[in-house]
Amino acid sequence: MENKLKIHNTLSRKKELFEPINSPYIGMYVCGPTVYGDAHLGHARPAITFDLIFRYLTHLGYKVRYVRNITDVGHLEADADEGEDKIAKKARLENLEPMEVVQYFSDRYHKNMDQLNVKNPSIEPRASGHIIEQIEMVKKILEAGYAYESNGSVYFDVKKYNKKNNYGILSGRKIEDMIANTRELEGQSEKKNPYDFALWKKAQPEHIMRWPSPWSDGFPGWHMECSAMSTKYLGEHFDIHGGGLDLLFPHHESEIAQSVAANKMQPVKYWLHNNMITLNGQKMGKSLGNAVSLDEFFTGKNDLLEQAYSPITIRFFILQAHYRSTIDFSNEALQSAEKGLKKLFTAIKSLDKLIASEKSTSNIKALREKCYDAMNDDFNSPILIANLFEGVRIINSIKDKKETISAEDLEILKKLFNDFVFDILGLKTEETTGKQNELVDGLLSTILSIRQEAKSNKDYATADIIRNELGKLNIQIKDTKEGASWEIGD
RNA sequence: GGUCUCGUGGCCGAGUGGCUUAGGCGGUGGUCUGCAAAACCAUUUACAGCGGUUCGAAUCCGCUCGAGACCUCCA
């Protein structure tokens with residue numbers, strides 16, 4: 001566990017040497033999905049980004065407690081339904097219990113995450129299961145004098161907080177600017193200032209998601225759940241908090257304010273934010289109506305898609321860009337990723353069959369160093385992948401007998417690919433064959449041996465018929481030096 | 001309007017003062033092959049514009065143009 005890892009901290013806007021508060025233990029909290037709709041490509045970005053970070057920290061030997069919440073209450077609608085809970089609205093429209101909607105979309109989210117080979121977090125708390133903790137935290141903030149009650153709701157007093165603290169420490173915003181620019185929204189008369197935010201919200205009569213509290217029957221404010229649950233499971237001061245860049249303000253800024261008000265200390269040492277995925281240069285988002293769901297990617301059923309893309313192709317595509325850069329979606333880019341991935345896996349198959357020689361013509365240990373350097377530089381997965389492709393070139397050259405490798409280096413190279421490709425990047429070969437395909441294997445090897453016999457007799461007509469007919473069944477025949485092989489096409 | 005970020009070759013996408021021709025895809029040439037496909041090897045093009053700092057800038061500073069994010073639920 002060498003301490004060379006650097007992480008870009010949004011708080012300082014710089015790369016900082018990563019020093020855990022209580023090594024080797026690391027606490028990491030990431031804002032998870034609001035489960036009122038299918039996960040789209042945008043949801044895959046933070047999931048995969050922080051999965052990569054979780055995997056790498058674990059690989060380095062740290063003991064990571066990774067908490068990723070599920071938001072199933074809170075988050076007000078921005079439109080005329082002010083005060084109504086997003087999930088409750090959806091539930092009413094479809095005559096379902098709110099928790100039924102939550103369960104349905106949570107299950108679908110988990111399925112998508114499995115498909116993307118995203119590991120489960122250590123703890124996945126739900127906001128609805130932590131109402132008491134949230135109420136207790138609101139009480140602490142009230143006691144500290146940084147909140148006020150108004151008509152059954154409780155609001156955070158940003159102006160008062162900002163006198164002794166810095167509301168804007170994370171986002172770089174100044175409260176004076178916010179005063180000048182906050183929009184006039186309905187229902188803000190309860191607030192002292194328009195930029196104050198709700199800690200507890202009184203429920204309207206028709207509002208069906210509600211809990212009792214000292215102030216009213218209602219529900220917790222927009223940002224409370226993350227503060228309450230991160231504190232509960234990771235403590236008042238923990239290592240890493242992650243999420244999408246769009247959550248930076250006001251969500252994360254307000255989380256800091258709440259925690260500082262309640263616990264008198266900065267809650268998080270390193271803030272990490274992943275950038276957005278764009279479509280035609282514009283953010284892909286639910287509210288923009290340009291989001292393509294993950295299921296649509298996997299099945300190809302969307303007019304924007306020229307074909308289906310496998311979950312691992314999507315994962316590879318996302319990892320080919322650095323997490324702090326925007327990444328632009330296009331069919332061309334995804335198809336490139338698909339081909340690159342195939343090249344990578346083809347080389348890994350070859351790696352198993354390589355034969356060691358007396359000495360190496362390439363510096364394998366240096367390659368390994370470069371891979372670690374890339375990941376240690378703020379989890380630079382695109383550089384890592386570039387280095388792995390250098391490894392691919394070496395593997396292919398050895399296979400073609402243009403280069404050689406020593407037995408020791410061969411073991412290092414195998415471990416290198418196993419560690420970085422499978423354990424850290426979390427890629428995996430697609431499940432193309434199952435148990436039932438033993439029969440197919442047998443049949444095809446018989447057919448191919450007959451074809452080989454025909455070829456030996458220079459009976460190319462017969463050989464081509466076999467190839468063509470199998471081709472019609474979407475089975476591709478490839479003649480290689482080691483003999484014919486087959487694979488099921490796309 | 002305010003705050004912030006970005007503008008790299010046909011496409012995607014790294015790189016933040018000199019060394020790295022990043023890498024992938026595509027294109028081109030080649031190897032292999034009965035032919036084909038696949039695979040492999042080699043190769044090609046860049047740093048939005050203008051000005052400044054510097055011995056030296058894609059990289060730092062300023063301006064111009066363009067794009068995006070946040071300011072309202074959002075990954």
Side-chain angles (χ1 to χ4, degrees), chain A residues 13 30-34 36-37 39-50 71 74-79 82 86 168 171-174 176-183 185 195 222 242-251 253 273-278 281-288 291 316-317 320-322 324-344 346-347 350 370 374 377 380-390 392-393 395-397 399-400 402 455 458-460 463-464 467-468 471 476-481 485 487 489:
Chain A
R13 315 227 163 206
V30 174
C31 292
T34 304
Y36 68 102
H40 59 79
L41 189 60
H43 291 96
R45 188 101 198 251
I48 289 170
T49 295
F50 292 100
T71 297
H75 290 285
L76 304 173
E77 287 282 359
D79 58 20
E82 206 250 327
K86 248 185 183 170
S171 60
R173 283 162 201 278
K174 293 191 178 75
E176 303 85 57
D177 296 333
M178 290 192 287
I179 293 166
N181 293 296
T182 304
R183 297 186 199 182
L185 293 172
Y195 41 79
W222 316 358
L245 195 57
D246 51 350
L247 296 177
L248 199 149
F249 189 90
H251 185 56
E253 191 71 62
H273 290 94
N274 63 273
N275 217 314
M276 303 291 106
I277 287 177
T278 59
Q282 201 182 32
K283 179 176 136 180
M284 188 180 281
K286 241 175 305 210
S287 48
L288 296 165
F316 186 66
F317 170 68
Q320 265 192 314
H322 188 256
R324 283 190 289 112
S325 299
T326 55
I327 182 170
D328 197 55
F329 155 81
S330 69
N331 281 285
E332 200 181 355
L334 277 172
Q335 284 158 14
S336 300
E338 188 176 49
K339 286 176 187 169
L341 186 62
K342 194 175 176 188
K343 182 175 176 178
L344 180 65
T346 302
S350 305
K370 283 182 183 174
D377 185 14
N380 199 323
S381 55
I383 295 282
L384 168 62
I385 290 170
N387 286 317
L388 291 173
F389 274 105
E390 171 64 11
V392 167
R393 190 195 61 73
I395 290 168
N396 290 328
S397 297
K399 188 186 164 200
D400 285 359
K402 288 172 183 167
K455 282 176 69 177
K458 295 203 190 303
D459 180 6
Y460 297 121
D464 287 351
R467 186 171 66 196
N468 292 339
Q476 278 196 332
I477 302 303
K478 297 175 191 172
D479 291 324
T480 66
K481 279 177 195 164
S485 69
E487 68 179 38

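For the numbers below, each heavy atom of this structure counts, side chains included, while hydrogens, waters and symmetry mates do not. Nothing here was measured: the structure is a model prediction, and the numbers come from that model. So that the names make sense, note that chain A is the first sequence line, chain B the second, and so on, each numbered from 1.
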Can you tell which of [options] lies closest to the side chain of [X]?
| X | options | result |
| --- | --- | --- |
| A/Asp464 | B/rA75, B/rA39, B/rG34 | B/rG34 |
| A/Pro250 | B/rC71, B/rA69, B/rC12 | B/rC71 |
| A/Lys339 | B/rG26, B/rA75, B/rG2 | B/rG26 |
| A/Lys455 | B/rG34, B/rA39, B/rA75 | B/rG34 |

d([atom1], [X]; [atom2], [N]) in whole Å:
| X | N | atom1 | atom2 | value |
| --- | --- | --- | --- | --- |
| A/Asp246 | B/rU72 | CG | C1' | 12 Å |
| A/Arg13 | B/rU5 | CZ | P | 6 Å |
| A/Tyr460 | B/rG34 | OH | P | 6 Å |
| A/Asp328 | B/rG68 | CG | C1' | 11 Å |
| A/Tyr195 | B/rU72 | OH | P | 13 Å |
| A/Asn396 | B/rA42 | CG | P | 10 Å |
| A/Lys402 | B/rG30 | NZ | P | 15 Å |
| A/Asn275 | B/rG68 | CG | P | 14 Å |

Rounded to the nearest 0.5 Å, what separates atom [atom1] in [X] from atom [atom2] in [Y]?
| X | Y | atom1 | atom2 | result |
| --- | --- | --- | --- | --- |
| A/Arg45 | A/Thr326 | CZ | OG1 | 7.5 Å |
| A/Ser325 | A/Asn274 | OG | CG | 11.0 Å |
| A/Ile395 | A/Asp400 | CD1 | CG | 12.0 Å |

Donor-acceptor pair under 3.5 Å: do we get one between A/Arg467's side chain and the base of B/rA37?
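No such pair is found, so the answer is no.
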
Can you find a donor-acceptor pair, distance only, under 3.5 Å between A/Arg173 side chain and B/rC4 base?
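Counting by modelled atom types and ignoring angles, no donor-acceptor contact under 3.5 Å is found here.
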
5' precedence on RNA chain B between A/Gln282 and A/Ala386 (nearest-nucleotide basis)
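Upstream on the strand: A/Ala386.
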
If you find the nucleotide of RNA chain B closest to A/Phe329 and the one closest to A/Lys370, which residue's nucleotide is nearer the 5' end?
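So the residue in question is A/Phe329.
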
Checking all strands, does [X] fall into the base, sugar-phosphate, or nothing category for heavy-atom contacts under 4.0 angstrom?
| X | result |
| --- | --- |
| A/Leu247 | sugar-phosphate |
| A/Phe249 | sugar-phosphate |
| A/Ile277 | base |
| A/Gly42 | base |
| A/Arg393 | sugar-phosphate |
| A/Glu390 | nothing |

Euclidean distance for [atom1], [N] against [M] (whole angstrom):
| N | M | atom1 | value |
| --- | --- | --- | --- |
| B/rG62 | B/rU28 | P | 45 Å |
| B/rG51 | B/rC47 | P | 15 Å |
| B/rC65 | B/rU44 | P | 38 Å |
| B/rC4 | B/rG24 | P | 38 Å |
| B/rG49 | B/rC6 | C1' | 16 Å |
| B/rU20 | B/rA46 | P | 15 Å |
| B/rG27 | B/rA69 | P | 33 Å |
| B/rC50 | B/rU5 | P | 24 Å |

Return the polar atom pairs (N/O with N/O) between nucleotides 14-18 of chain B and the protein under 3.5 Å, or none.
unit_1: B/rA14; atom_1: OP1; unit_2: A/His322; atom_2: N; d: 2.7
unit_1: B/rA14; atom_1: OP1; unit_2: A/Ser325; atom_2: OG; d: 2.9
unit_1: B/rA14; atom_1: O3'; unit_2: A/Asn380; atom_2: ND2; d: 3.4
unit_1: B/rG15; atom_1: OP1; unit_2: A/Asn380; atom_2: ND2; d: 3.1

Heavy-atom side-chain proximity of A/Asn275 to A/Ile327 below 4.5 angstrom
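No, too far: nothing below the 4.5 Å cut-off.
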
Under 3.5 Å for both pairing distances: what stems, at least three Watson-Crick or G-U pairs long, include RNA chain B?
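Stem list for RNA chain B: B:1-7 with B:65-71, B:10-12 with B:23-25, B:27-31 with B:39-43, B:48-52 with B:60-64.
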
Taking ring pair (Phe, Tyr, Trp, His ring centres under 6.0 Å) as the definition, give me every residue that meets it alongside A/His273, ordered by chain and number, with sequence neighbours left out.
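Checked A/His273 against ring pair (Phe, Tyr, Trp, His ring centres under 6.0 Å); matches are A/His252.
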
Could you work out, with ring pair (Phe, Tyr, Trp, His ring centres under 6.0 Å) as the rule, every residue matching A/Phe329, not counting sequence neighbours?
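Ring pair (Phe, Tyr, Trp, His ring centres under 6.0 Å) check on A/Phe329 returns A/Phe297.
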
Can you name the residues that form a side chain to side chain contact (heavy atoms under 4.5 Å, CB included) with A/Ala463, not counting sequence neighbours?
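With neighbours one apart ignored, the set is A/Arg451, A/Lys455.
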
Ignoring hydrogens, what is the shortest heavy-atom contact between [X] and [Y]? Give both atom names and the distance.
| X | Y | value |
| --- | --- | --- |
| A/Gly42 | A/Met284 | N-SD, 4.4 Å |
| A/Ser330 | A/Ala333 | OG-N, 3.0 Å |
| A/Ala39 | A/His43 | CA-ND1, 3.6 Å |

Does the ring of A/Phe389 lie flat against the base of B/rG23, closer than 5.5 Å centre to centre with planes under 30°?
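Here A/Phe389 fails the 5.5 Å or the 30° condition.
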
With sequence neighbours left out, what residues match A/Asp328 under salt bridge (charged side-chain N to carboxylate O under 4.0 Å, His left out)?
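Result, salt bridge (charged side-chain N to carboxylate O under 4.0 Å, His left out) vs A/Asp328: none returned.
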
Should A/Lys343 be listed as having a side-chain N or O under 4.0 Å from OP1 or OP2 of B/rC25?
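Looking at the OP1 and OP2 atoms of B/rC25, one of them is under 4.0 Å from a side-chain N or O of A/Lys343.
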
Phosphate OP1/OP2 of B/rA75: any A/Thr34 side-chain N/O under 4.0 Å:
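Yes, because at least one side-chain N or O of A/Thr34 sits under 4.0 Å from OP1 or OP2 of B/rA75.
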
Among A/Asn380, A/Asp377, A/Ile383, A/Thr49, find the residue that satisfies the side-chain contact (heavy atoms from CB on, under 4.5 Å) test when tested with A/His322.
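The residue from A/Asn380, A/Asp377, A/Ile383, A/Thr49 that satisfies side-chain contact (heavy atoms from CB on, under 4.5 Å) with A/His322 turns out to be A/Asn380.
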
